[in-house]
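Side chains included, hydrogens not; waters and symmetry mates left out as well; all remaining heavy atoms used. This is a predicted model, so every value here is computed, not measured.
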Amino acid sequence: IANVEYCQNMAEFESTEAGSVFIFNDMNDYATMVKSCVERNIIATYNIDNLTDAEAFVAAMKSNNCKDANVISYETEVLSYIRKNITTVRTGLIANPEDYENIHELRVAVRSAPATFVAPDCAADKVTKELVMEIQEYAIAVWCISDGFAENIELNTISLVTAGVNGII
């Protein structure tokens with residue numbers, strides 16, 4: 001299991017172990033960040049929740065000729081902007097399935113984002129096999145964010161894999 005690193009700045013990123021999985025939160029210097037990921041051959045996940053950061057991210061990706069990354073967001077307009085400008089980036093809508101009346105409504109939100117996957121915004125123990133199967137029946141991939149259960153990461157990872165999630169970030 002890879003070590004998950006949540007980076008708030010470049011100093012944290014530069015000091016992390018090789019082989020770690022990186023999730024960038026609230027970063028300002030996208031140009032340096034994307035360039036460092038390209039140099040280190042890392043496909044990072046970026047948590048972007050405003051259009052200003054989305055514009056900076058797109059500019060950094062284009063200036064570094066980088067086409068591969070994951071972006072997660074609560075904001076559909078952020079995901080839409082990024083997908084319009086870089087079609088190869090995987091986008092995921094962070095959403096709590098309990099906030100939707102049914103899975104069809106969640107599907108509409110994910111597809112209109114446009115997102116290629118949903119990242120349930122709930123505790124790992126709430127991501128059940130039944131929930132994953134129900135979401136997947138609507139042709140939506142389910143990726144879970146590992147933040148929040150680091151002390152039991154092995155147990156929770158096994159639980160998520162057993163539930164049938166498509167990815168863990």
Side-chain angles (χ1 to χ4, degrees), residues 1-8 12-13 16-27 33 37 40-49 53-54 57 61 66-83 86-169:
I1 297 171
N3 185 32
V4 177
E5 299 287 344
Y6 295 88
C7 302
Q8 301 296 332
E12 287 180 12
F13 173 67
T16 56
E17 300 173 24
S20 294
V21 174
F22 298 95
I23 299 178
F24 293 108
N25 293 311
D26 304 321
M27 298 288 288
M33 185 173 34
C37 286
R40 294 173 78 175
N41 200 27
I42 293 169
I43 299 172
T45 299
Y46 301 87
N47 187 352
I48 302 174
D49 283 318
D53 285 349
F57 170 77
M61 292 288 286
C66 184
K67 296 180 181 4
D68 202 358
N70 303 307
V71 174
I72 56 175
S73 183
Y74 289 95
E75 304 299 328
T76 57
E77 59 272 3
V78 166
L79 299 175
S80 179
Y81 177 83
I82 290 170
R83 286 295 294 250
I86 308 171
T87 59
T88 55
V89 169
R90 287 170 298 285
T91 54
L93 180 65
I94 303 171
N96 187 341
E98 293 176 0
D99 292 344
Y100 295 86
E101 197 167 308
N102 55 50
I103 297 300
H104 176 69
E105 283 185 10
L106 175 62
R107 178 184 182 272
V108 170
V110 170
R111 293 291 182 233
S112 67
T116 51
F117 63 92
V118 65
D121 185 20
C122 55
D125 61 350
K126 301 283 186 194
V127 181
T128 64
K129 187 171 192 160
E130 292 78 20
L131 174 65
V132 172
M133 287 175 55
E134 188 176 7
I135 294 171
Q136 289 172 341
E137 284 177 6
Y138 280 90
I140 302 170
V142 180
W143 291 19
C144 288
I145 304 168
S146 61
D147 190 21
F149 55 83
E151 70 182 47
N152 295 318
I153 194 163
E154 287 90 5
L155 180 61
N156 284 295
T157 299
I158 291 168
S159 172
L160 292 171
V161 169
T162 303
V165 299
N166 301 94
I168 301 172
I169 51 176

Problem - Asn166 side-chain N/O to Val142 backbone N/O, donor-acceptor pair under 3.5 Å - result: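 It does hold such a pair.
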Handout entry: Thr162 (side chain) donor-acceptor with Ile158 (main chain) under 3.5 angstrom
Key =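 Flag set: sc Thr162 to bb Ile158 pair under 3.5 Å.
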Handout entry: Non-hydrogen atoms of Pro97 and Pro120 that approach each other most closely
Key =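 Heavy atoms of Pro97 and Pro120 come nearest at CD-CB, 4.2 Å.
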Problem - Nearest non-hydrogen partners of Val132 and Gly164, listed with the distance - result: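 Reported closest heavy-atom pair: CG1-O, 3.5 Å.
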Exercise for the section: Show your reasoning for whether side-chain contact (heavy atoms from CB on, under 4.5 Å) applies to Val110 and Ile135. Expected result: CA-CA 11 Å; Val110 170; Ile135 294 171; over 6 Å; no
From [atom1] ([X]) to [atom2] ([Y]), nearest 0.5 Å:
X: Gln136; Y: Lys129; atom1: CD; atom2: NZ; answer: 10.0 Å
X: Glu134; Y: His104; atom1: CD; atom2: NE2; answer: 12.5 Å
X: Thr88; Y: Arg83; atom1: OG1; atom2: CZ; answer: 8.5 Å
X: Tyr138; Y: Asn102; atom1: OH; atom2: CG; answer: 6.5 Å
X: Ile82; Y: Thr87; atom1: CD1; atom2: OG1; answer: 13.0 Å
X: Met61; Y: Ile86; atom1: CE; atom2: CD1; answer: 4.5 Å

Measuring only between side-chain heavy atoms, which start at C-beta, is [X] closer than 4.5 Å to [Y]?
X: Val71; Y: Leu79; answer: yes
X: Ile140; Y: Arg111; answer: yes
X: Asn70; Y: Thr91; answer: no
X: Ser73; Y: Ile94; answer: no

Practice task
Pick out which of Leu93, Asn47, Asp121, Asp49 makes a side chain to side chain contact (heavy atoms under 4.5 Å, CB included) with Ile72.
Solution key: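 Exactly one candidate clears the test, Asn47.
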Exercise for the section: Would you please classify the geometry between the Phe117 ring and the Trp143 ring as parallel, tilted or perpendicular, with 30° and 60° separating the classes? Expected result: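 Parallel.
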Practice task
Count the heavy atoms of every other residue, nucleotide or ligand shown that sit under 6.0 Å from CD of Glu98, and state whether that count exceeds 12.
Solution key: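 No, not enclosed.
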Practice task
Before giving the answer on side-chain contact (heavy atoms from CB on, under 4.5 Å), spell out for Val89 and Asp68 the whole-Å C-alpha distance, their side-chain angles and the decisive distance to 0.1 Å.
Solution key: CA-CA 5 Å; Val89 169; Asp68 202 358; over 6 Å; no
